[in-house]
Amino acid sequence: MLAWLKKLPKPVAIWSVSDAWATRLLEGCRRLELLVPEDVAVLGTTNDSLICEAISPPLSSIELHSRQIGYLAARRLSLKMKRKPVPEEIELVPPIGVIARLSTDTVAFPDPEIVKVLRLIRDNALTGISVDRIAKETNLSRSTLQRHFRNLVGRTIENEIMRHRIDRAKRLLRETTLSLSKIAQKTGFSNTDYFIQAFRRETGTTPNRLRKSG
């Protein structure tokens, strides 16, 4: 693996089928003195927090929908035990999403101003950052920045801020029992009603329905 890592063109991103294998990649990078994520970005699978948050740098990982997988497996087992026909087709369960941590914390855009904006949004989206404040941190006017950002990223700055807020809200809904008002506060929304409206607009469902779906 070390020889393979050494020969890979840099920068490179590597996806691993498990968090355990991803930690081996991170150890290999350390031994070869490769920077993570600047030289090698690493993404694991299963989102085992005991692994992902204990290693340095913390590991980004794909979180599988384990509850739904377990439900489907139990349903098939129940059919077998009742001697009923079991569907032959393979049932695919989409993952919940990518839980981003420092092992993939890099932005691949040729424009340093846009990279700076993306980092500002990532670090401050939950605290109510505005387009005006972002524009002041760059060498571009607000209108030029908006146009340039849309051309490179494919969405507006407001859309990008909202995307980070909604992604965080999804995690809190799935992983905690916090009330909707608390989640609204933690994700930069001024009140619960606005949070619910924005969530429905961006996802096509309500916070409560997402939480009940697991």
task: Would you give the length of the straight line joining atom CZ of R31 to atom CG of L26, rounded to the nearest 0.5 angstrom?
output: 13.5 Å

message: Under a 4.0 Å threshold between the charged nitrogen and the carboxylate oxygen, would R30 count as salt-bridged to E27?
response: yes

statement: dist N159:CG -> T156:OG1 (nearest 0.5 Å) comes out at 3.0 Å

message: Checking the side chain of S78 only, and the main-chain atoms of A74 only, is there a donor and an acceptor separated by less than 3.5 Å?
response: no

- prompt: Can you tell me if CZ on R83 sees more than 12 non-hydrogen neighbours from other groups inside 6.0 Å?
  reply: no

query: Any donor and acceptor pair, going by atom type alone, linking the side chain of R211 with main-chain N or O of L173 inside 3.5 Å?
result: yes

message: I need the minimum non-hydrogen distance between P85 and L79, along with the two atoms involved.
response: O-CD1, 3.8 Å

- prompt: Going hydrophobic residue to hydrophobic residue with side-chain gaps under 4.5 angstrom, can you get from L118 over to L43?
  reply: no

message: Students often mix this up, so state it plainly: with edges at 30° and 60°, are the rings of F189 and Y194 parallel, tilted or perpendicular?
response: perpendicular

task: Give a yes or no on whether the backbone of L59 and the side-chain of S103 come within a donor-acceptor separation of less than 3.5 Å.
output: no

- request: Taking only Lys NZ, Arg NE, NH1 and NH2, and the carboxylate oxygens of Asp or Glu, determine whether K170 and E175 approach each other closer than 4.0 Å.
  value: no

query: In the single-linkage hydrophobic clustering (I, L, V, M, F, W, Y; side-chain heavy atoms under 4.5 Å), do Y71 and I69 co-cluster?
result: yes

- prompt: With the 4.5 Å side-chain cut-off for hydrophobic clustering, are V17 and M1 part of the same group?
  reply: no

- prompt: Are any non-hydrogen side-chain atoms of R147 and T144 less than 4.5 angstrom apart?
  reply: yes

task: Would you give the length of the straight line joining atom CG of L92 to atom NE2 of H65, rounded to the nearest 0.5 angstrom?
output: 14.0 Å

- prompt: Is there a side-chain contact between I99 and S49 (heavy atoms, below 4.5 Å)?
  reply: no

query: Between D167 and R163, is there a side-chain N and carboxylate O pair less than 4.0 Å apart?
result: yes

- request: Could you grab the distance from atom NZ of K136 to atom OG1 of T138, nearest 0.5 Å is fine?
  value: 11.5 Å

Any side-chain heavy-atom pair of R75 and E91 under 4.5 Å: yes

- prompt: Just by modelled atom types, is the I51 backbone N or O under 3.5 Å from a matching donor or acceptor in the D19 side chain?
  reply: no

message: For the backbone of A22 and the side chain of S16, can you confirm whether one donor and one acceptor N or O come within less than 3.5 Å of each other?
response: yes

- prompt: Is V98 close to E63 at the side-chain level, that is, under 4.5 Å between some pair of heavy atoms?
  reply: no

- prompt: Any side-chain heavy atom of L172 sitting closer than 4.5 Å to one from R168?
  reply: yes

message: Whether the T203 and T205 side chains hold a donor-acceptor pair (N or O, under 3.5 Å, no angle test) is what I'd like checked.
response: no

- request: Please round to the nearest 0.5 Å and tell me the distance separating atom OG1 of T176 and atom NZ of K186.
  value: 8.5 Å

task: Treating Ile, Leu, Val, Met, Phe, Trp and Tyr as nodes and any side-chain heavy-atom pair under 4.5 angstrom as an edge, say whether L50 and I55 lie in one connected cluster.
output: no

message: Around atom CZ of R155, are there more than 12 heavy atoms from other residues, nucleotides or ligands closer than 6.0 Å?
response: yes

message: Please find the pair of heavy atoms, one from F195 and one from L180, that lie closest to each other, and give the distance.
response: CD2-O, 4.0 Å

message: In the structure I gave you, are the side-chain heavy atoms of F149 and I114 within less than 4.5 Å of one another anywhere?
response: yes

statement: The reported gap from OG in S61 to CH2 in W15 (rounded to nearest 0.5 angstrom) is 10.5 Å

query: Without hydrogens or angle criteria, can the side chains of T45 and W21 be said to hold a donor-acceptor pair below 3.5 Å?
result: no

message: Membership question, hydrophobic clusters at under 4.5 Å side-chain separation (ILVMFWY): are L34 and L102 in the same one?
response: no

Sidechain N-carboxylate O distance under 4.0 Å for E38, K10: no

Identify every side-chain donor-acceptor pair in residues 123-135 under 3.5 Å, counting partners at least two apart or on other chains, and give the distances.
residue: N124; atom: ND2; partner: L120; partner atom: O; Å: 2.9
residue: T127; atom: OG1; partner: N124; partner atom: O; Å: 2.9
residue: S130; atom: OG; partner: R133; partner atom: N; Å: 3.2
residue: D132; atom: OD1; partner: R142; partner atom: NH1; Å: 2.5

task: Taking the side chain as every heavy atom from C-beta outward, state whether T187 and F199 have any atom pair closer than 4.5 Å.
output: no

field: Evaluation steps, salt bridge (Lys or Arg N to Asp or Glu O under 4.0 Å), between K116 and E113
entry: CA-CA 5 Å; K116 183 178 182 180; E113 290 289 353; 5.1 Å; no

message: With a sphere of 6.0 Å drawn around NZ of K182, does it hold more than 12 non-hydrogen atoms of other residues, nucleotides or ligands?
response: no

- request: Carefully, step by step, assess I62 and T46 under the rule side-chain contact (heavy atoms from CB on, under 4.5 Å).
  value: CA-CA 6 Å; I62 300 172; T46 62; over 6 Å; no

task: Would you indicate whether the side-chain heavy atoms of T104 and V42 approach each other to under 4.5 Å?
output: no

task: Check whether any side-chain N or O of R76 sits under 3.5 Å from a backbone N or O of P87 as a donor-acceptor pair, and report yes or no.
output: yes

- request: Step by step, work out the side-chain contact (heavy atoms from CB on, under 4.5 Å) result for L145 and V117.
  value: CA-CA 9 Å; L145 175 62; V117 169; 3.8 Å; yes

message: Is it the case that over 12 heavy atoms from other parts of the model lie below 6.0 angstrom from the CD atom of E88?
response: no

